[in-house]
There are 2 protein chains.
Amino acid sequence: MKNFFRCKCPITSALDIIGDKWSLVLIKQMLFEGKSTFKDFAQSPESIATNILTTRLKMLEDFGIIEKQKLPTNRKTNIYTLNQRGLSLIPVLMELTFWSKHEVIEFNPDLNLDEKLEWAEANKEEAFKQVTDNYLKHKEALLNTK
Amino acid sequence: MKNFFRCKCPITSALDIIGDKWSLVLIKQMLFEGKSTFKDFAQSPESIATNILTTRLKMLEDFGIIEKQKLPTNRKTNIYTLNQRGLSLIPVLMELTFWSKHEVIEFNPDLNLDEKLEWAEANKEEAFKQVTDNYLKHKEALLNTK
DNA sequence: ATTATTACTTTCATTTTGCAAGCAAAAATA
DNA sequence: TATTTTTGCTTGCAAAATGAAAGTAATAAT
């Protein structure tokens, strides 16, 4: 872990963990798109390569951001879910969404913007909580025999 | 610009612009560390290579996140500053800071955490505004004969 | 007039990412 | 039960991004 972090800056260090090309995309897919298996991620429109996917999932697990487990009904398929450390990235992801809505749309007019975004931006705290609760319910349902 | 964006997702598209290893670090250095020249960035503890620095600054300028200009008193030194599009990334950077304070400190105990962070986390909207105003003043001072 | 500084560029090494194919274990199907 | 399909993952190699070191031209400072 020595030399893993570029310096003592909190922002730079956060980016040293989740600032690569794929980590936040994977977390977003779990959080907002209900994805939970290797196959789910591999088949995304972002189309991540499977070797990269393997190493990213392992890294996120090593940092305690996600957890991997199997259902009693299926000894093969791994279920990847966010835990608390991952869930606490929700504000970062939502602020990125807001920024995108305002500033990225000019460069990528095809952006898929949720109609509830307006409300979420005006009620951030409530929106954060709602997304968290939503995911926790989804996760529970997922892990009690899919 | 075709094929620049991986897909139609706002989060993924935002990351396609500022999700590389250095962009948010440079923006942070301007915003919180008063850096504004090529030399400032090159001498940072993160130690970015100068060739990368050149391409990143150009990219951020092309996307309208920063602007480059010269002072009347110095025809050589370029002054890089954030404009509105860059300033609206403040919430993203601050949420990253909060996440780091709670979750990254375990992996990098040397983290340099501002003592005002506690307050900022409890008063996000006010903190965002304060950081913005601070920077705008700094920028104005910077550009009126340094 | 000389030296130092600034903002780059260039070259080449290293690291990261991407693509395609392959694989073993488990699950689904016949 | 035997065969086929699916899943999660690995391997080998190509391409792209990043990094380190040195060099350069224009400007600024001495």
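Residue numbers start from 1 in every chain, and the chains themselves are labelled A, B, ... in the order their sequence lines are given, proteins ahead of strands.
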Trainee: Would you mind telling me which of D:dG8, D:dT18, C:dC8 lies closest to the side-chain atoms of A:Tyr80?
Mentor: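 Selected nucleotide (nearest to the side chain): D:dG8.
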Trainee: Send over the distance from B:Leu26 CG to C:dA7 P, rounded to a whole Å.
Mentor: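 Nearest whole value for this atom pair: 14 Å.
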Trainee: Tell me the interatomic distance from B:Lys21, atom NZ, to C:dT15, atom P, rounded to whole angstroms.
Mentor: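 So the NZ-P distance, B:Lys21 to C:dT15, works out to 11 Å.
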Trainee: Atom CD1 of B:Ile52 and atom C1' of C:dT14: how far apart are they, to the nearest Å?
Mentor: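 The distance from CD1 of B:Ile52 to C1' of C:dT14 comes to 12 Å, rounded to the nearest Å.
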Trainee: Verify the contact: side-chain N or O of B:Arg75 to OP1 or OP2 of D:dA26, cut-off strictly under 4.0 Å; return yes or no.
Mentor: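 Indeed not, no polar side-chain atom of B:Arg75 lies that close.
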Trainee: Which nucleotide, C:dC19, D:dC9, C:dA7, lies nearest any side-chain atom of B:Phe38?
Mentor: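 Closest of the options to the side chain of B:Phe38: C:dA7.
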Trainee: Identify whether any heavy atom of A:Lys68 sits under 4.0 Å from a base atom; if not, whether one sits that close to sugar-phosphate; answer base, sugar-phosphate or nothing.
Mentor: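 Sugar-phosphate contact only.
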Trainee: In this structure, how many angstroms lie between the P atom of D:dG8 and the CG atom of A:Asp40, rounded?
Mentor: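 Value for this atom pair: 8 Å.
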Trainee: Does B:Lys139 come within less than 4.0 Å of B:Glu67, counting only side-chain N to carboxylate O?
Mentor: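 Salt bridge flag = yes for B:Glu67 with B:Lys139.
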Trainee: May I have the step-by-step check of salt bridge (charged side-chain N to carboxylate O under 4.0 Å, His left out) for B:Glu121 and B:Lys116, ending in yes or no?
Mentor: CA-CA 9 Å; B:Glu121 203 171 357; B:Lys116 291 174 205 160; over 6 Å; no
Trainee: Ignoring hydrogens and geometry beyond distance, is the side chain of A:Thr50 in donor-acceptor contact with the base of D:dT10 at under 3.5 Å?
Mentor: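 A donor-acceptor contact between them is present.
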Trainee: Should the side chain of B:Thr77 and the base of C:dT5 be counted as holding a donor-acceptor pair, with the cut-off at 3.5 Å?
Mentor: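 No pair found.
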Trainee: Check A:Asp16 with A:Arg6, please: is the shortest side-chain N to carboxylate O separation under 4.0 Å?
Mentor: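 Counted as a salt bridge, because a side-chain N and a carboxylate O are separated by less than 4.0 Å.
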Trainee: Tell me: CE of A:Met59 to C1' of C:dT16, nearest whole Å?
Mentor: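 A:Met59 atom CE is separated from C:dT16 atom C1' by 12 Å.
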Trainee: Run B:Arg85 and A:Glu106 through salt bridge (charged side-chain N to carboxylate O under 4.0 Å, His left out) and show every step you take.
Mentor: CA-CA 12 Å; B:Arg85 180 165 291 154; A:Glu106 169 182 332; 2.8 Å; yes
Trainee: May I ask you to verify whether the side chain of A:Lys76 and the base of C:dA27 hold a donor-acceptor pair under 3.5 Å?
Mentor: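 Side chain to base: no pair present.
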Trainee: Let me know the distance between CD1 of B:Ile48 and C1' of C:dA7, rounded to the nearest Å.
Mentor: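 Those two atoms, CD1 and C1', are 14 Å apart.
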Trainee: Tell me the interatomic distance from B:Asp20, atom CG, to C:dT16, atom C1', rounded to whole angstroms.
Mentor: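 Result: 13 Å.
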Trainee: Need to verify one output field. Residue with the more 5' nearest nucleotide on DNA chain C, A:Arg56 or B:Asn78?
Mentor: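 Nearer the 5' end of the strand: B:Asn78.
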Trainee: If only side-chain N and O atoms of A:Trp22 are considered, is one of them under 4.0 Å from the OP1 or OP2 phosphate oxygen of C:dG18?
Mentor: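 The answer is yes; a side-chain N or O of A:Trp22 sits under 4.0 Å from OP1 or OP2.
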Trainee: Any side-chain to backbone donor/acceptor pair from A:Ser100 onto B:Pro10? Under 3.5 Å, distance only.
Mentor: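 Side chain of A:Ser100 to backbone of B:Pro10, a donor-acceptor pair under 3.5 Å: yes, one is there.
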Trainee: What is the distance from NZ of A:Lys35 to C1' of D:dG8, rounded to the nearest Å?
Mentor: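 Rounded to the whole Å, the gap is 17 Å.
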Trainee: Could you check which of D:dT18, D:dT11, C:dT6 has an atom nearest any side-chain atom of A:Asn51?
Mentor: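 Ranking D:dT18, D:dT11, C:dT6 by closest atom to the A:Asn51 side chain puts D:dT11 first.
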